[in-house]
Structures are given as structure tokens and as C-alpha cells.
Number of protein chains: 2
Amino acid sequence: MQEPSGRPVTIAQVARDAGVSIPTVSRVLNGSAPVAEETRRRVDASIERLGYHPNPMARGLSRGLSDVVLVILPNITQPSVNLRLAGLISVLRETPYELTLVDLEHPDSERKRHLADIVARHHAAATVIISLPPSTADTLQLLRQAAPVVLVDVRSDAFPGDGIDDIAGGMIATRHLLGLGHRRIGFVGDAEDRFIGNPASANRRHGYEQVLFDAGIDIRPDDIALAPHGMDTAKAAALDLLDRSDRPTAVFAASDVQAFGVMDAARSLGLDVPGDVSVVGFDDIVTARLVGLTTVRQHLEVSGVRAGLRLLELLGQPLPFEMPEFPELELVTRSTTASPGDAHPIRSMAAALTGAAASEKEVSTAFDPAFGRDERIPRRK
Amino acid sequence: MQEPSGRPVTIAQVARDAGVSIPTVSRVLNGSAPVAEETRRRVDASIERLGYHPNPMARGLSRGLSDVVLVILPNITQPSVNLRLAGLISVLRETPYELTLVDLEHPDSERKRHLADIVARHHAAATVIISLPPSTADTLQLLRQAAPVVLVDVRSDAFPGDGIDDIAGGMIATRHLLGLGHRRIGFVGDAEDRFIGNPASANRRHGYEQVLFDAGIDIRPDDIALAPHGMDTAKAAALDLLDRSDRPTAVFAASDVQAFGVMDAARSLGLDVPGDVSVVGFDDIVTARLVGLTTVRQHLEVSGVRAGLRLLELLGQPLPFEMPEFPELELVTRSTTASPGDAHPIRSMAAALTGAAASEKEVSTAFDPAFGRDERIPRRK
DNA sequence: GTTGTCGGTGAAAGCGGTTTCAGTCCGCTG
DNA sequence: CAGCGGACTGAAACCGCTTTCACCGACAAC
């Protein structure tokens, strides 16, 4: 605990202090070779006394591999991304790996940030890419380098990863509305350059269209509104959809964030949810529960956990716990959906406000999001 | 772009390929000394052809300083923490620094993770600590090491940082309720070990008490409910507060998350917000807008930005932009507060659902949270 | 015509670790 | 008692890069 201020303590100082050679200290540190009990004690004492911490750069250089896992994601404030990251972190916490974060924020702006270049620049032990589909060029380049790559929220033949079945998800949501008796069902999703973007929204729409088709319902083009991802943009799109006398009686939004936009639009038109319009979202982010949004739940945090475990496998590390098994997708029925004409305005609004636990089929998991979790556990009591 | 697969390309290979010495390549890379135009061209060509990226560990080791900024925080899924981090990231993005993330998640569990040890272990160029007050021992040890430390959401004499004036914030919230005519005002805040925890909640309470005192209002002990931080715990605490015939007509919650708990409690008691109970939160996280919560806004993302800029200063780096000036705290009036007895149940509920933009005094900033921002900008159009 | 000075370059010495290799010193076996 | 293997240790090489330092040629200054 001395640490004479200034430059950090080096292994050489420890060796000198303990009266041994540098390699011996290294052996004590890593247990890479037998060290006499007495020697070990002396070394440990010196380490403690000097407050020595091995320099991770030197160690990494020497061993030829770093201990950092590079994580690349589009935007950390995005609730879904955030939760996936949290899941990954919870796994990495149990390992000797560090986490280096690269937030692209505007991944496709000018497209100048090539994923593969970012990866190459970092020389990390492994890379996790969240919600960003690598281009073909990226894929080729990533395959050429040695460090493993794991994808989250993206399916690829080239890399392990766990995208969900978005088509099935779209079908679940649409069937729910159909089951409630809706026949005019709108869709609000991403308008995006599909060469770059995540195809999730498009696939959810495919599921939606498939179900309607199977039910013999014609899809009216003007019941589909696309806008760049975001709550406000979705609201604008939803206004087009809902500000008509022959509006749909229900809307399936490709994400919870967009569903909020739809609800906001409904509100500003004086429409009751679900009295006048039912709304279904997708993801089940934390806020969905708060607002009482009916949605298709995917286990966001679990996807991060899985990626972490898969990574450890690839790195030949022991897994701190088992790969969790979760239903991939499930409908969470809350208070933004009802049969057409089946409105109880006041009750439903009130319920919507706080997520009417009574009517909700909740599943408790080991990975509850932060809102439902106590951050500070009172100690000794 | 060849990269013969396997081991990453080294500077030696580039040097050989370009027919120059290693130092020359280094000079081209860093512009640290003049290089003949012709030579430079050859080297650049080799770098490009081989797909060379300097090994950051080797570089760091050699230069004696790393390019990573260590960020330690309590829980990344916590909206306030998340936003602060996002602000920091936006600054670091403009610099050559990498960001390594350590999420404690349960910072005080067993207290075994000493901040100073984490910092020492990483040998980073600098450290940012978000929403975690260092202990005295930590502080001493952190001061002893060379790399700068910046605090976010914590005030300290030892390190630069920008905590807000929580007492003033508590006063703002309470005065608002007082101004609406409330005389029985409850408080819901953190029950915590103040030796470890962040004193924010306690300070907000002090502000609250001060205002009531100045107004000549007696504070009834049972109008104050404390619980470990979290929405569900706050709900339970609020139930105690509100499930009485002589309940308060308004509640000031020490954070938005806790305010949501209070609203949830009110809902489950069949109380209308703000008809029967007004609720004020603190922070103005994204969700607050969504739910229409009246709250005391602090510019969370800006706090991260400031920390980033301050860090760059300490590191002697040029600042990518100016230090933003923002009002420290401001009341954002939405739809969860009203004068006692001044209820319009249906309207207010509906408004609450989506944040009734009309009645809201919004301030637009350059740092809008994700919900209000388009994540994917459609290109070429 | 000798000195500087400066652009341009390479040899070599680190940076702080790990790892190979070559011993010592033992205790055992045959 | 020679021979052997294992426990334990240190010298030295190496990881990939930066940074002196020395050197060479060219050109300006005296």
C-alpha cells in the first residue's frame, strides 16, 4: 500500500523488493510454474506492500493476446441495445476479460466506419457486434482475422449469433389482434435502407402480412406507414394512418418505441387506446411494462448473456453458468389491446398508465431489467 | 487488404514490404519526424496493401501510456447512468481514446470492489467514475496515482466533477407543489447506508424539508417513506404513505424511477394522478416524458459531456467543442401535478399517458435522448 | 574550405511483462 | 556411488512499437 506516487510499480521493483528474479514474480502471479512456499510468501508480501498491479498492456503484448472484448453497437441509449449489453456485461463480469465499448451512434451515416476496420484496429481477443449487420465486405474481412466474432440480434451464416425469428414475432402480434376481432390492422415500422439496416422491422412486417393473407384479409397499402426508427417519427407516420375516418382499428408497431409513437399519435387525435385503437409493440423494453403496452417479448438481456457465453466457448474459457433457456418470443398482453368496440376508456387509460399488473401475464426471470430491481440492497439488516 | 490470415500484420512486415526500416514506418504512422515524400508513399502503400493496424498494446507499452479511459459505473441499465455515459461517449468519440467499461451493478454488495483497486488494475490513461462516491480510502489511493480522475454526479473536493445541487432541486420540486396549493406533501426516497451511497436522495429531502419548514408547515414523519432505490420498492413504500384516509395530497419522489413506483401505488389504490395525488419526480429521464411526469430536470447527458471535456483538459488534449452551458436544474411541468381537488380525471389520465405536449414547457437541447431522436437517418434522400 | 544545421534514415535500447532454456540442489533408484 | 528426475530459480530472448542516438549527405554560413 505504499506506492511511492507517480509511476506505477513494475514487476522489477517487486522482484528487487522480494529479493528474487523477475520470472519468479511472474510465476507467483500466474501460477505458471512451481514456486517455493517461502519464496511465494515473500513475493506476495512485496506485491501487497508496494501495491503492485501488473500492466495489462505489457502482459497482453507478451502473451500475444489481449484480454479485451470489443463490443460494437449502434446506440447505447436505445433500450433494447442497452439491455442486450447489460446481459453481456453480466457474463463478462465473471471472467478475466475487459469490455471496450464502441458506440457508433449513427452507424450508417456516410458508412465510413467499417465494422471490420474497427475490429482490426483494436486487436481485441474477441468481438461482439450488437444489432448491426456486417456488410459482405466486413464479413469477409472479419472472417480473415483470428479473433472470434459473435453477433447479437443479427443472424448470419458466417458468425455465431442469435437473432430471433422476427417473422414469427410479427405473426404472433398480428394473430393476437386478429383473435380480438380486428380486421383492419395497420403497421408502423422502419423505413430504411435495407442494405445497411437491420432487417428486423421488415421481417416483422412480413409476418404481419403473412397472417393477414392467410386470414383472407386484403392489406391496404395505406394501412402501412414507414418512417425512420424513433418515437417521434413513428408518431408522425401513425398520424397519417389514424387521421382518417376509415382508419384501422388496431396497429402493430415494429418496436415498442414506435408503439409509443403510435399511442402518442392516437392521443393527439383524441383516440382512446385501446377503445378506439389497439396497439401492439415489439421487444418488451422496460418502459412497455410501465405504460402497459401489449407487446411481443423477446428476452433482450438473455440475448446478451448468450452471446457472452458463446464467446467464452470460442475463447476456450470455462462457462460461469449454463446457457439459459428461454422461450424465444411470447406475447405479453397488457392494456393497449382490446376487441374493437370493447372500450372501457377510463379504466383502460388508468390501467395503461401503470401497466395493470392484474391483466398481465408476467414471466419472472433471472434477468429482470433495472426498473424492477433494487439497485441498492440495504446492508446488515 | 491482403492480410494473409492468422496473425495480425506487424510493423516489421510493413517495413520489409516497403523496403525501409521499422522506425521509418513508425514515423509515417505518427508523423513524429520528417519522412521523404517518396518514402512515405511507399510505406502508405504497404500499409494499405497489407491491411496493417498498429497494435495498441505495443504502442501503449512503448509510449508508457495507454489510450483507454476507464469508466466505472453502478449499473448501466439505470436510465440516468445510461444517459450520462452516452454524453461521455459522444465526447470520447471525437478523440483517440478508447472506452473501457466496468459495471459494478451491485457496488456496495460486500463492498469488496474497491474503486481504487479497479483503477489501479487497469493502468488507464484516465478514469471517469459515474454516480459512485469514492470512499476516503479510495480517494487517498486514487490521488496517489498519476492518471486523472473525473467524477460524474458526485461532488468531491479531491476530484473534478459536477454534482448538481440536490438541495436546490428538492426545493424546486417542493415549491412547485406548494405553489399549487398542497399543504400535505409526502416524500419517497432512498433508504440507504449513507457511508456508501450517493447522498442525492438525502439532499433532495433536505431541500424538501427546508421549503416546508420555511412555509411553516410541520413535517409529519409518516409522510416520509424510504426504501431501497427501485420502482417496486418505491411502490411498496408509497403504499404505506397513500393507503390512509389522511394521506398527503402530493408526493415528491427523489427520482423519476421512484415516482413511477408512487404512480403505480396510487393506481393500485384507485387514486387518480393528479386528481387525488400529485406526483413530482427528479431527473427527467426519457420515460418521464413518455408518461407525462412532472419532474425536476437535470441534464444527465450533459453531465457526461462535461466530464469528457474536463477529462480531455486534464489530459492536455484539444477540446472537440465548447463546454456546454445549461441551466443546472429546471422544473418540467407535465401532467402528474395539479392543485388539490383540481382533477379532470379522464383528461389528465389521457394526457399522462403520452406526455401532453401542449401543457409542457419543453426545452430543446443538442442532447436529446434516444427516444426523441431518429436512430436511422435515411440516406440519399 | 571548414563548420554548422537540417532533412532523412537505421541500429539499438527500452517499455513491462511471459516464456524458453539452462542450470542448481535434492532425494531416489539401481 | 553414479545416475536420474523433479522442484525451484535466473539469464536471456521476445512480444510490437516508440524513441533516442548516430550517421550521412546537402546546403548555408563564416
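Computed from a prediction, not measured in an experiment: that's the story for all the values here. Per chain, numbering begins at 1; letters A, B, ... match sequence-line order.
- As rounded to whole Å, 11 Å separates atom C1' of D:dT18 from atom CG of B:Leu61.
- For D:dC15, neither phosphate oxygen OP1 nor OP2 lies less than 4.0 angstrom from any side-chain nitrogen or oxygen of A:Ser62.
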Inset, instruction - Apply side-chain contact (heavy atoms from CB on, under 4.5 Å) to the pair A:Leu104 and A:Ile118, showing each step before the final yes or no. - result: CA-CA 10 Å; A:Leu104 263 30; A:Ile118 297 176; 3.8 Å; yes

Legend entry - Pair B:Leu85-B:Leu101, side-chain contact (heavy atoms from CB on, under 4.5 Å): steps then yes or no: CA-CA 10 Å; B:Leu85 174 62; B:Leu101 192 65; 4.1 Å; yes

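- In this structure, of C:dG8, C:dG16, C:dT9, it is C:dG8 that holds the atom nearest to the side chain of B:Pro34.
- Side-chain atoms of A:Ser21 lie closest to D:dG10 of the nucleotides D:dT18, D:dA7, D:dG10.
- Considering only side-chain atoms of B:Ala58, the nucleotide from C:dT20, D:dG16, C:dG17 that sits closest is D:dG16.
- Residue B:Ala33 is the one, among B:Arg63 and B:Ala33, whose nearest nucleotide of DNA chain C lies closer to the 5' end (criterion: closest heavy atom).
- B:Arg155 places a side-chain N or O within donor-acceptor distance of the main-chain N or O of B:Gly163, the cut-off being under 3.5 Å.
- Counting non-hydrogen atoms under 4.0 angstrom, B:Val20 reaches the backbone sugars and phosphates but no base.
- B:Leu29 places its CG atom 8 Å from the P atom of D:dC17, with the value rounded to the nearest Å.
- In this structure, the CD1 atom of B:Ile22 is 13 Å from the P atom of D:dC14, given to the nearest Å.
- Using a 4.0 Å heavy-atom distance criterion, B:Pro23 is classed as a base contact.
- One finds no side-chain N or O of B:Asn55 lying less than 4.0 angstrom from the OP1 or OP2 phosphate oxygen of D:dC15.
- Looking at B:His53, B:Arg59, B:Met57 one by one, the single match for side chain to side chain contact (heavy atoms under 4.5 Å, CB included) with B:Asn55 turns out to be B:Met57.
- Annotation: the span from A:Leu70 atom CG to B:Glu98 atom CD amounts to 8.0 Å, rounded to 0.5 Å.
- The base of D:dG16 does not come close enough to the side chain of B:Arg7 for any donor and acceptor atom to sit less than 3.5 Å apart.
- Taking side-chain N and O atoms only, A:Thr24 has a distance below 4.0 Å to OP1 or OP2 of D:dG10.
- Under 4.0 angstrom from either OP1 or OP2 of C:dT18 there lies at least one side-chain N or O belonging to A:Ser26.
- The side chain of B:Ile11 lies closest to D:dT18, out of D:dC15, D:dT18, C:dT18.
- For A:Arg59, whose side chain is taken as the heavy atoms from C-beta onward, the closest listed nucleotide among D:dG10, D:dC15, C:dG17 is C:dG17.
- Relative to the side chain of A:Arg27, the nucleotides D:dC17, D:dT19, C:dT20 differ in distance, and C:dT20 lies closest.
- For B:Glu38, the CD atom counts as densely surrounded, since its 6.0 Å shell holds more than 12 non-hydrogen atoms of other residues, nucleotides or ligands.
- In this structure, NE2 of A:His122 is placed 19 Å from P of D:dG16, rounded to the nearest angstrom.
- In this structure, B:Met57 atom CE and C:dG14 atom P are separated by 23 Å, rounded to whole Å.
- Although no hydrogens or angles enter the test, the distance criterion places no donor-acceptor pair under 3.5 Å between the side chain of B:Asp17 and the main chain of B:Gln13.
- Side-chain atoms of B:Asp138 come within 3.5 Å of backbone atoms of B:Ala116 as a donor-acceptor pair (strictly under, hydrogens ignored).
- Spacing between atom CG of B:Asp67 and atom C1' of C:dC15 amounts to 15 Å, rounded to whole angstrom units.
- Residues of residues 36-45 of chain A that place a heavy atom closer than 4.0 Å to DNA chain C do not occur.
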